[in-house]
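Read the structure below first, then the notes.
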Amino acid sequence: MESSFKNRNIETMFARILGKLERIEEKLDENSYPPEEAFNSDFVERVNTADNEIIKGKRLEFESMDDFLSSIEK
């Protein structure tokens, strides 16, 4: 009898965990970037221009935010 009670407790616990994981997954799916059309066209153009300049080597590119901040502190 005690074994079946423990099994039900474990099943209940797993069901709760799965429910929470599903809610977390739903929240993650909600967090996405807005479409490009949602931004001001001037801003999009400036970002695209900067991206092209980085590709051409005309601007600095940093591997991480820490690298960027370190370069500013120097």
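Heavy atoms only: backbone and side chains are in, while hydrogens, waters and symmetry mates are out.
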| task | Tell me, yes or no, whether the heavy-atom count around Glu53 atom CD, taken from other residues, nucleotides or ligands under 6.0 Å, exceeds 12. | result | yes
| said: Can you give me the closest heavy-atom contact between Glu63 and Asp67, atom names plus distance? | reply: CB-OD2, 3.4 Å
| query | Between atom CG of Asn7 and atom OG1 of Thr12, what is the distance when rounded to the nearest 0.5 Å? | reply | 10.5 Å
| Flag, side chain of Asp51 to backbone of Val47, donor-acceptor distance under 3.5 Å | no
| field | side-chain contact (heavy atoms from CB on, under 4.5 Å) evaluation trace for Met13 with Asn9 | value | CA-CA 6 Å; Met13 181 180 65; Asn9 282 342; over 6 Å; no
| query | Which atoms form the tightest heavy-atom contact between Phe39 and Val44, and what is the distance? | reply | CB-CG2, 3.7 Å
| query | Transitively linked via ILVMFWY side-chain contacts under 4.5 Å: Leu60 with Phe68? | reply | yes
| query | Hey, what do you get for CG (Leu69) to CD (Glu73), rounding to the nearest 0.5 Å? | reply | 6.5 Å
Side-chain donor/acceptor pairs under 3.5 Å, residues 14-28, sequence neighbours excluded:
none

